[in-house]
Amino acid sequence: MRKKTFREKTRLAFTEVRMVVSTALGLFAGRKVWMPDEAAPETEWVDECPKRNLALARSSYDERLKSESAGIEAVRRRAEFALTAIIAAIGLSTAAFERLWAVATNSTSLLVIWLVGVLIVVMAVLVFAGVAVSNKVLGAVQVESFVHLRDPRREELRQYVMAVHTTSRTRRAMVTVFRDGFLIALVGLTLLAIAHTVSWAVPLDDAPTTVDVNIISPSPAP
């Protein structure tokens with residue numbers, strides 16, 4: 001197995017970044033998640049398949065289509081769970097912000113780390129929300145396109161092949177985006193954890209401040 005070149009790795013990284021960004025933008029109405037081009041599967045074998053095997057092949061692709069659809073639903077549920085967990089983590093971080101702010105008055109580095117962590121976590125929230133609710137391209141079998149044929153089994157099988165390909169492509173893209181979203185969230189939550197851990201490790205000066213009071217006594221009467 002040949003090793004991937006630097007150019008191929010860069011292209012794959014750019015592809016994943018584009019999918020992640022398009023998933024976040026998919027929260028806006030009318031926008032669909034972008035996916036890289038992929039060659040359509042060959043269907044010439046459908047015309048050469050013996051008639052006695054058409055039903056078996058159709059049943060096989062029907063099961064695969066159901067499996068791919070179930071996989072998409074599973075990824076969507078995981079994204080919803082991750083979204084809920086991250087929002088809860090942001091709430092806990094906000095509740096402990098008072099302590100961090102008290103420490104940040106002497107050192108702004110903790111505040112910068114916290115702000116960067118929040119921005120990264122917000123990006124993860126958008127990605128997970130996009131995985132859960134954005135428009136997705138799913139394969140479907142269009143019965144009306146072959147119901148009028150005398151022997152529609154071959155055209156039906158051909159459409160099942162294309163539907164499985166399209167749905168599988170969407171599922172694989174969702175898994176990739178979910179994985180990248182998890183890594184983004186991990187980086188953001190790590191920064192938040194570092195900021196809060198350091199803020200609690202730094203002692204606050206709670207000792208009362210000494211106030212010098214100068215009392216001017218009146219001059220004695222002559």
Please name all residues satisfying side chain to side chain contact (heavy atoms under 4.5 Å, CB included) with [X], sequence neighbours left out, ordered by chain then number.
X      : answer
Val21  : Val17, Leu25
Thr190 : Leu186, Ile194
Leu83  : Ile87, Val125, Phe128, Ala129

Could you give the distance from [atom1] ([X]) to [atom2] ([Y]), rounded to the nearest 0.5 Å?
X      : Y      : atom1 : atom2 : answer
Leu138 : Glu68  : CG    : CD    : 11.0 Å
Leu65  : His165 : CG    : NE2   : 13.0 Å
Ser93  : Leu189 : OG    : CG    : 9.0 Å
Thr23  : Arg18  : OG1   : CZ    : 12.0 Å
Glu16  : Thr176 : CD    : OG1   : 5.5 Å
Thr43  : Gln159 : OG1   : CD    : 11.0 Å

Cluster link [X] to [Y], ILVMFWY, side chain under 4.5 Å:
X      : Y      : answer
Ile113 : Val122 : yes
Leu115 : Leu191 : yes
Phe182 : Ile184 : yes
Leu183 : Leu192 : no
Leu119 : Val116 : no

Which atoms form the tightest heavy-atom contact between [X] and [Y], and what is the distance?
X      : Y      : answer
Thr167 : Gly139 : OG1-N, 3.0 Å
Val131 : Phe178 : CG2-N, 4.5 Å
Ala40  : Met162 : CB-CE, 4.0 Å
Arg172 : Glu38  : NH2-OE2, 3.0 Å
Ala163 : Ala140 : CB-N, 3.6 Å
Gly71  : Arg171 : CA-CD, 4.0 Å

* Asked: Is the number of heavy atoms from other residues, nucleotides or ligands under 6.0 Å of Phe97 CZ greater than 12?
  ->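 Correct, the count exceeds 12.
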* Does atom CZ of Arg78 have more than 12 heavy-atom neighbours, drawn from other residues, nucleotides or ligands, at distances under 6.0 Å? -> no
Close side-chain approach of [X] and [Y], heavy atoms under 4.5 Å:
X      : Y      : result
Met123 : Val20  : yes
Val141 : Phe146 : yes
Thr170 : Ile72  : yes
Met35  : Met174 : no
Arg169 : Val137 : no

* Asked: side chain to side chain contact (heavy atoms under 4.5 Å, CB included) between Val46 and Glu155: does it pass, once the steps are laid out?
  -> CA-CA 8 Å; Val46 175; Glu155 181 61 27; over 6 Å; no
* Going by the ring-ring contact (aromatic ring centres under 6.0 Å, His included) test, which pairs reach into residues 62-90, not counting sequence neighbours? -> none
Output a table of donor-acceptor pairs, distance under 3.5 Å, between side-chain atoms of residues 49-64 and any protein atom two or more places apart or on a different chain; print 'none' if there are none.
| from | atom 1 | to | atom 2 | distance (Å) |
| --- | --- | --- | --- | --- |
| Arg58 | NE | Glu156 | OE2 | 3.2 |
| Arg58 | NH2 | Glu156 | OE2 | 3.4 |
| Arg58 | NH2 | Tyr160 | OH | 3.2 |

* To do: Using the test salt bridge (Lys or Arg N to Asp or Glu O under 4.0 Å), find all partners of Arg77 that sit at least two apart in sequence or belong to another chain.
  => Glu73
* Give a yes-or-no answer on whether the side chains of Ser199 and Trp101 include a donor-acceptor pair shorter than 3.5 Å. =>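 On atom types as modelled, these side chains do not qualify, holding no pair under 3.5 Å.
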* Asked: Can we say Arg11 and Glu8 salt-bridge, meaning some charged N sits less than 4.0 Å from an Asp/Glu carboxylate O?
  ->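 Answer for the salt bridge query: no.
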